[in-house]
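Read through the structure below, which is laid out as structure tokens, and then see the notes.
Note that the coordinates shown come from a computational prediction; the quantities given were computed from them, not determined experimentally. Along the sequence shown, residues are numbered consecutively beginning with 1.
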Amino acid sequence: MRLMAALTAVLLLTACGSGTSVGQGTSASSGTTPAVTSAGGTVLQPPEDRRWVGMDDVVVAVPERWGTETQPCAEPVGDTVFFIGPSSAVLDCATVPTAHVSSLTITSAGSGAVSLGRRVDLGAEVNDLRISHSGIACRAALTGPCTLTFVVSGADAAFHVIYRGADAEAFVDGVFRSVTRLPSGQTTVPLIDYGTSVVEAEKQLIEAGLVGHAPDVNFPHYATGTHPPAGTVVEVGQVVELTIGDG
């Protein structure tokens, strides 16, 4: 419970800070998310030195070097994309130290783990998506940390970005303006929450349009993650390997 409480407190604090508003009532389609055509159809290409990560069919661009962490209570070794699932609300973890890293947290918009706070802009439009967001809040615009929380109308994904470094405000704004919907035929690997039964995990992957595969074992196991990891852009119908632990 301490992990979820600490994260919620951080998100509420940063989302309510005095900051700038982004994307107010205008389209921010700026050419940062070009598409090319391949034999399999339209493939969305991220900006240079970036990779897509997201939930369902909504993604944003983060630096390629950022890792992905889906394990509750895991301590980041560098700038990280965190996925928050239901297990984070029930495990009694010490507070995860994140003060030294930049991060993007992705979770279900209905989970309550992320709040837009009191300063909400409902009129933004980015790449033809309608966005509700908190406005960028910075301790210092050039060095940060700067933060922003946003959700996409009609999608069950909430994003919270924190950046520490040069041109922090511009970096956070760039992540926000990269948000886009994947073309038909592509999706993202869903978060398989730590401790989910293998049967349930395979069901969730099927519901996402993917095929789950688990190692053949003779006794019950639970899912500990996936390969590729949650948030990775894949073709619909792709096989996703489940990683498992003793159950």
Side-chain angles (χ1 to χ4, degrees), residues 1-11 51-59 62 64-114 156-160 162 186-247:
M1 288 299 290
R2 289 201 301 270
L3 173 62
M4 180 62 78
L7 178 62
T8 302
V10 170
L11 299 183
R51 67 182 178 94
W52 294 122
V53 64
M55 182 179 287
D56 298 328
D57 62 348
V58 175
V59 294
V62 298
E64 286 184 346
R65 62 180 175 80
W66 284 27
T68 295
E69 185 57 70
T70 63
Q71 302 277 344
C73 311
E75 180 177 350
V77 296
D79 298 338
T80 302
V81 178
F82 292 100
F83 280 83
I84 302 297
S87 61
S88 298
V90 297
L91 290 179
D92 187 15
C93 307
T95 301
V96 176
T98 58
H100 62 291
V101 300
S102 299
S103 63
L104 172 69
T105 297
I106 303 175
T107 188
S108 169
S111 69
V114 170
D156 185 33
F159 300 87
H160 179 76
I162 304 174
Q186 289 185 291
T187 188
T188 57
V189 177
L191 172 64
I192 303 299
D193 198 40
Y194 188 92
T196 301
S197 72
V198 171
V199 171
E200 177 61 25
E202 291 176 336
K203 177 182 176 182
Q204 290 178 18
L205 288 169
I206 290 173
E207 291 173 347
L210 303 171
V211 178
H213 179 264
D216 187 14
V217 293
N218 296 323
F219 49 91
H221 280 68
Y222 59 86
T224 60
T226 59
H227 182 76
T232 304
V233 176
V234 294
E235 297 293 323
V236 171
Q238 180 169 319
V239 174
V240 174
E241 299 290 336
L242 288 166
T243 57
I244 61 175
D246 294 340

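- Counting heavy atoms from C-beta outward, Asp156 and Asp56 have side chains that approach closer than 4.5 Å.
- Using a 4.5 Å heavy-atom threshold, the side chains of Ser102 and Ile162 count as separate.
- Under the 4.5 Å side-chain criterion, counting only non-hydrogen atoms from C-beta, Val58 is in contact with Phe159.
- Within the model, atoms CG of Leu242 and NE2 of His227 stand 12.0 Å from one another, a figure rounded to the nearest 0.5 Å.
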**OP:** For side-chain contact (heavy atoms from CB on, under 4.5 Å), just list the numbers for Val211 and Leu205, CA-CA rounded to whole Å, side-chain angles, deciding distance to a tenth of an Å, and then say yes or no.
**Re:** CA-CA 6 Å; Val211 178; Leu205 288 169; over 6 Å; no

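- For the atom pair Glu241 CD and His213 NE2, the distance stands at 5.5 Å (nearest 0.5 Å).
- Expressed to the nearest 0.5 Å, how far CH2 of Trp52 lies from CD of Glu64 amounts to 12.0 Å.
- Within the 4.5 Å cutoff, the side chain of Thr188 has no heavy atoms near those of the Val234 side chain.
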Subject >> Trace of the side-chain contact (heavy atoms from CB on, under 4.5 Å) decision for Trp66 with Thr80 >> reply: CA-CA 5 Å; Trp66 284 27; Thr80 302; over 6 Å; no

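- When Leu104, Thr105, Thr68 are each tested for a side-chain contact (heavy atoms from CB on, under 4.5 Å) with Phe83, only one passes: Thr68.
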Subject >> Audit row: Thr196, Tyr222, side-chain contact (heavy atoms from CB on, under 4.5 Å) steps and yes/no >> reply: CA-CA 6 Å; Thr196 301; Tyr222 59 86; over 6 Å; no

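- Looking at every heavy atom in both residues, Ala214 comes nearest to Val198 through CB-CG1, 3.7 Å.
- Here the closest heavy-atom approach between residue Gly67 and residue Arg51 is recorded as O-NH2, 3.4 Å.
- Smallest separation of non-hydrogen atoms from Ala223 and Ile192: CB-CG2, 3.7 Å.
- Between Thr226 and Thr243 the shortest side-chain heavy-atom distance does not fall below 4.5 Å.
- By the 4.5 Å heavy-atom criterion applied to side chains, Val59 and Val233 are counted as neighbours.
- Each of Gln238, Glu235, Gln204 was checked for a side-chain contact (heavy atoms from CB on, under 4.5 Å) with Leu210, and the lone residue meeting it is Gln238.
- Contact annotation: the side chain of Thr224 approaches that of Gln71 to within less than 4.5 Å [non-hydrogen atoms, C-beta and beyond].
- Of all heavy-atom pairs between Asp79 and Arg65, the closest is OD2-NH1, 2.9 Å.
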Subject >> Evaluation steps, side-chain contact (heavy atoms from CB on, under 4.5 Å), between Val81 and Val62 >> reply: CA-CA 9 Å; Val81 178; Val62 298; 4.1 Å; yes

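- Nearest approach of Val189 to Pro228, heavy atoms of both residues: CG1-O, 3.7 Å.
- When all heavy atoms are compared, the tightest approach of Ile106 to Gly54 is CD1-CA, 3.9 Å.
- Atom OG of Ser103 is separated from atom CD of Glu69 by 12.0 Å, given to the nearest 0.5 angstrom.
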